[in-house]
Amino acid sequence: MSKSDLEKLTFELNKIKELNSKLLENNIQPILKEKVQDFLDAFEDYFRERGLVVNAGHLTVRAAFDSLEFTAFSKGDPTIFILKDRETIASISVKYKTPTRSASYQFDTEEEQLKWEIKKENTLFSYLEDPEFYYTGSEFGRPYYDPLVVLESIFHV
């Protein structure tokens, strides 16, 4: 393969990486923040419907009844912590589906490596273009698409 062919492949790879970066910034990051807020809103509604006194602030919701207090908050990233009094009882992450990691390969030529990387970036592009978001956490491990289902799994309702 000629040097100009390798340059074309490198250019194509860089172009796809740039597109993926823009999609991450424009499609993923805003929706991650929206999903965190959706969860906090669901947390607020969940406890308000059960008669607890609820106070909501920026990325924080507190629900209290007598001496029992639950708090859900985020530090601005896609992780939400739930506390009972001062003890963390759950951490929930908002994630989006991405392609599974592939094994690392040894390539005989730079051309093979570039083609493989282009294919990998194109696959990532398809996931970023139409992302599927979900909630998960170390306490329950599997994906949930509805914040209310997450809350019910934590509080065993």
Inset, instruction - Determine, stepwise, if the pair Glu69 / Arg62 fulfils side chain to side chain contact (heavy atoms under 4.5 Å, CB included). - result: CA-CA 7 Å; Glu69 182 178 299; Arg62 285 189 174 77; 3.8 Å; yes
Inset, instruction - Could you check Ile89 against Leu83 for side chain to side chain contact (heavy atoms under 4.5 Å, CB included), going step by step and ending with a plain yes or no? - result: CA-CA 5 Å; Ile89 59 171; Leu83 285 71; over 6 Å; no
Legend entry - Glu121/Lys17 salt bridge by N-O under 4.0 Å criterion: no
Legend entry - Short N-O contact, Glu111 and Lys115, less than 4.0 angstrom: yes
Inset, instruction - May I have the step-by-step check of salt bridge (Lys or Arg N to Asp or Glu O under 4.0 Å) for Glu12 and Lys8, ending in yes or no? - result: CA-CA 6 Å; Glu12 183 180 348; Lys8 286 178 186 175; over 6 Å; no
Please name the pair of heavy atoms, one in [X] and one in [Y], separated by the smallest distance, quoted to 0.1 Å.
X: Leu23; Y: Glu129; result: CD1-N, 4.0 Å
X: Ile28; Y: Pro131; result: CD1-CB, 3.5 Å
X: Tyr145; Y: Phe133; result: CD2-O, 3.2 Å
X: Lys35; Y: Val94; result: CB-CG1, 3.5 Å

Inset, instruction - Might you work through the side chain to side chain contact (heavy atoms under 4.5 Å, CB included) test for Asn27 and Lys22, ending with a clear yes or no? - result: CA-CA 8 Å; Asn27 281 16; Lys22 286 180 182 177; over 6 Å; no
Legend entry - Derivation of the ring pair (Phe, Tyr, Trp, His ring centres under 6.0 Å) call for Phe73 and Phe81: CA-CA 5 Å; Phe73 69 93; Phe81 297 95; 5.5 Å; yes
Inset, instruction - Quick one: sort the Phe47 and Phe155 rings into parallel, tilted or perpendicular, breaks at 30° and 60°. - result: perpendicular
Does the [X] side chain pair with the main chain of [Y], one donor and one acceptor, at a distance under 3.5 Å?
X: Asp146; Y: Leu148; result: yes
X: Ser74; Y: Gly76; result: yes
X: Thr79; Y: Lys75; result: no
X: Gln29; Y: Glu25; result: no

Non-hydrogen side-chain atoms of [X] and [Y] separated by less than 4.5 Å:
X: Thr60; Y: Thr71; value: yes
X: Lys33; Y: Val36; value: no
X: Leu6; Y: Leu114; value: yes
X: Lys97; Y: Tyr134; value: yes
X: Tyr144; Y: Ser153; value: yes
X: Tyr135; Y: Asp38; value: yes
X: Phe11; Y: Leu9; value: no
X: Phe107; Y: Trp116; value: yes

Inset, instruction - Decide whether Phe70 and Val53 are clustered together by the hydrophobic rule: side chain heavy atoms of Ile, Leu, Val, Met, Phe, Trp, Tyr closer than 4.5 Å, transitively. - result: no
Inset, instruction - Answer with yes or no whether the hydrophobic clustering places Tyr96 together with Ile92; edges join I, L, V, M, F, W, Y residues whose side-chain heavy atoms lie under 4.5 Å apart. - result: yes
Atom pair [atom1] ([X]) and [atom2] ([Y]), whose distance is rounded to the nearest 0.5 Å:
X: Asn14; Y: Glu7; atom1: CG; atom2: CD; result: 11.5 Å
X: Lys15; Y: Ile118; atom1: NZ; atom2: CD1; result: 11.5 Å
X: Leu124; Y: Leu128; atom1: CG; atom2: CG; result: 4.0 Å
X: Leu40; Y: Ile82; atom1: CG; atom2: CD1; result: 9.0 Å
X: Leu13; Y: Lys120; atom1: CG; atom2: NZ; result: 9.0 Å
X: Gln37; Y: Glu34; atom1: CD; atom2: CD; result: 9.5 Å

Legend entry - Cationic tip of Arg50 above Tyr46 ring, under 6.0 Å, 45° of axis: yes
Inset, instruction - Could you check Val54 against Val61 for side chain to side chain contact (heavy atoms under 4.5 Å, CB included), going step by step and ending with a plain yes or no? - result: CA-CA 7 Å; Val54 177; Val61 178; 3.8 Å; yes
